[in-house]
S.K.: 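Here it is, the structure in full.
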Amino acid sequence: AYMAFLIDGDTDIATKECVIVYGRILRRGRPVNILIGHIEVEHAHAQGIYGASKKTFAALGDQCSNWLEKVIALGADGAAVNLGSKGGVIALLQQEAGDHIVPFHCMPHSPNSIRELRVIGAHLGVNVLMPSGVKGTRWLPHVSKALETFLKPGQFTAVYYHMKHLAGSSANADIAGRATKASAFFQNIPFIKATYAIVKKSMEDATFVAFCHFIADMFSGISNLSLLLQRNEIILPQVREMKWDV
């Protein structure tokens with residue numbers, strides 16, 4: 001039987017980096033997930049994750065000795081360390097087992113590229129802050145807060161280098177499919193198209209930063225007005241005064 005190879009990163013109670021490995025097969029015509037193993041990762045780069053994943057199969061002995069001959073797909077979150085076509089786990093797997101192996105992005109995940117972003121931030125001496133979600137009924141305050149986070153000292157630089165890394169290490173199709181999840185607040189900036197490469201290029205233009213500051217200032221006033229209008233005790237003179245402030 002053929003199988004898909006599924007991996008996901010996590011940490012144990014000692015906060016050590018680990019990888020959990022599943023095999024997805026057909027049993028009596030129905031897809032079934034089988035736990036292969038859970039193992040500590042010595043190094044959280046592609047070689048480390050791939051090597052640790054292979055150890056989980058080796059630990060099962062002869063019953064999984066030919067798993068590389070059976071694997072036809074790799075499923076993982078959207079992080080470049082997993083699905084990057086140039087240096088990710090999928091690239092290493094295809095080099096060893098064959099180019100026929102199909103990579104697919106596990107859609108329920110928020111990409112573990114957040115972890116990579118934090119690693120980049122650590123190298124830059126920046127405590128990376130996660131922006132709030134920008135979707136929802138009251139979207140104005142959410143977008144305003146996300147932009148405020150993005151424009152805090154060091155945050156822009158960390159995100160830029162992260163985009164540079166993703167644009168250089170991910171396949172084009174992968175970039176197109178995953179970009180909207182990388183920096184959700186970019187979806188609300190009209191002239192930014194949803195690809196890592198174009199976000200990176202746009203961030204290199206000074207007008208991008210200027211526009212972000214403009215939007216942040218404008219949304220700050222509008223979101224305050226929006227919150228004021230939601231209050232039960234609001235009266236018309238307060239609205240008129242706030243409107244002129246905006």
S.K.: Sequence neighbours excluded, which residues qualify as side chain to side chain donor-acceptor pair (under 3.5 Å) partners of Asn127?
M.R.: none
S.K.: Consider only side-chain heavy atoms of I, L, V, M, F, W and Y, link residues closer than 4.5 Å, and tell whether Ile25 and Phe104 are in one cluster.
M.R.: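 Hydrophobic grouping puts Ile25 apart from Phe104.
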S.K.: Return the OG to CG distance between Ser53 and Asn82, rounded to the nearest 0.5 Å.
M.R.: 8.5 Å
S.K.: Closest approach of Glu17 and Ala44, non-hydrogen atoms and distance?
M.R.: CG-CB, 4.1 Å
S.K.: Given side chain to side chain contact (heavy atoms under 4.5 Å, CB included), test Arg27 with Ile34 step by step and report yes or no.
M.R.: CA-CA 11 Å; Arg27 179 180 291 169; Ile34 300 174; 3.7 Å; yes
S.K.: Taking all non-hydrogen atoms of both residues, which atom of Gly87 and which atom of Ala46 are closest, and how far apart?
M.R.: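 Gly87 and Ala46 have their closest heavy atoms at O-CB, 3.0 Å.
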S.K.: Roughly how far, to the nearest 0.5 Å, is CE of Met218 from CG of Leu147?
M.R.: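 So the gap between those two atoms works out to 9.5 Å.
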S.K.: Is Leu151 close to Cys212 at the side-chain level, that is, under 4.5 Å between some pair of heavy atoms?
M.R.: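 Result yes, sub-4.5 Å side-chain heavy-atom pair found.
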S.K.: Please verify the inter-ring angle class for Phe156 with Tyr160; under 30° counts as parallel, over 60° as perpendicular, anything in between as tilted.
M.R.: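 It falls in the parallel class, under 30°.
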S.K.: Calculate, to the nearest 0.5 Å, the distance between atoms CD and NZ belonging to Glu148 and Lys152 respectively.
M.R.: 7.0 Å
S.K.: Provide the closest heavy-atom pair for Val19 versus Ala52 in the form atom of the first, atom of the second, distance.
M.R.: CG1-CB, 4.0 Å
S.K.: Distance check, rounded to the nearest 0.5 Å: Cys64 atom SG versus Met3 atom CE?
M.R.: 7.0 Å
S.K.: Which pair of non-hydrogen atoms, one from Pro31 and one from Arg24, has the smallest distance, and what is that distance?
M.R.: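 Heavy atoms of Pro31 and Arg24 come nearest at CB-NH2, 3.3 Å.
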S.K.: How many angstroms lie between atom CD1 of Ile90 and atom CD of Gln95, to the nearest 0.5 angstrom?
M.R.: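 Reported to 0.5 Å precision, the distance equals 10.5 Å.
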S.K.: What about Phe214 and Phe219, same hydrophobic cluster or not, with Ile/Leu/Val/Met/Phe/Trp/Tyr joined at side-chain heavy-atom distances under 4.5 Å?
M.R.: yes
S.K.: Checking side chain to side chain contact (heavy atoms under 4.5 Å, CB included) for the pair Ile20/Ile7: CA distance, chi angles, key distance, verdict?
M.R.: CA-CA 6 Å; Ile20 187 167; Ile7 59 174; over 6 Å; no
S.K.: Examine distances only and state if a side-chain atom of Gln94 and a backbone atom of Ile101 form a donor-acceptor pair shorter than 3.5 Å.
M.R.: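 Here the side-chain-to-backbone pair exists.
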S.K.: Among Leu93, Leu6, Leu92, find the residue that satisfies the side chain to side chain contact (heavy atoms under 4.5 Å, CB included) test when tested with Leu74.
M.R.: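 For Leu74, the side chain to side chain contact (heavy atoms under 4.5 Å, CB included) check succeeds only for Leu93.
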S.K.: Evaluate Gln155 against Leu129 for side chain to side chain contact (heavy atoms under 4.5 Å, CB included), listing each step before the verdict.
M.R.: CA-CA 7 Å; Gln155 303 301 311; Leu129 304 174; 3.9 Å; yes
S.K.: Does the side chain to side chain contact (heavy atoms under 4.5 Å, CB included) test come out yes or no for Asp77 and Asp8, once each step is laid out?
M.R.: CA-CA 7 Å; Asp77 61 49; Asp8 190 20; 3.9 Å; yes
S.K.: Roughly how far, to the nearest 0.5 Å, is CG of Leu60 from CH2 of Trp67?
M.R.: 11.0 Å
S.K.: Which residues, ordered by chain and number, are linked to Ile72 in its hydrophobic cluster, where ILVMFWY side chains connect at heavy-atom gaps below 4.5 Å, directly or through other members?
M.R.: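 Same cluster as Ile72: Tyr2.
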S.K.: So which atom in Leu83 and which in Pro103 form the shortest heavy-atom distance, rounded to 0.1 Å?
M.R.: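 Leu83 and Pro103 have their closest heavy atoms at CD2-CB, 4.1 Å.
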S.K.: Minimum heavy-atom separation for Leu68 to Glu96, with atom names?
M.R.: CD1-OE2, 3.3 Å
S.K.: Ring centroid separation for Phe5 and Tyr22, is it under 6.0 angstrom?
M.R.: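 Judged by ring-centre distance (under 6.0 Å), Phe5 and Tyr22 do not meet the cut-off.
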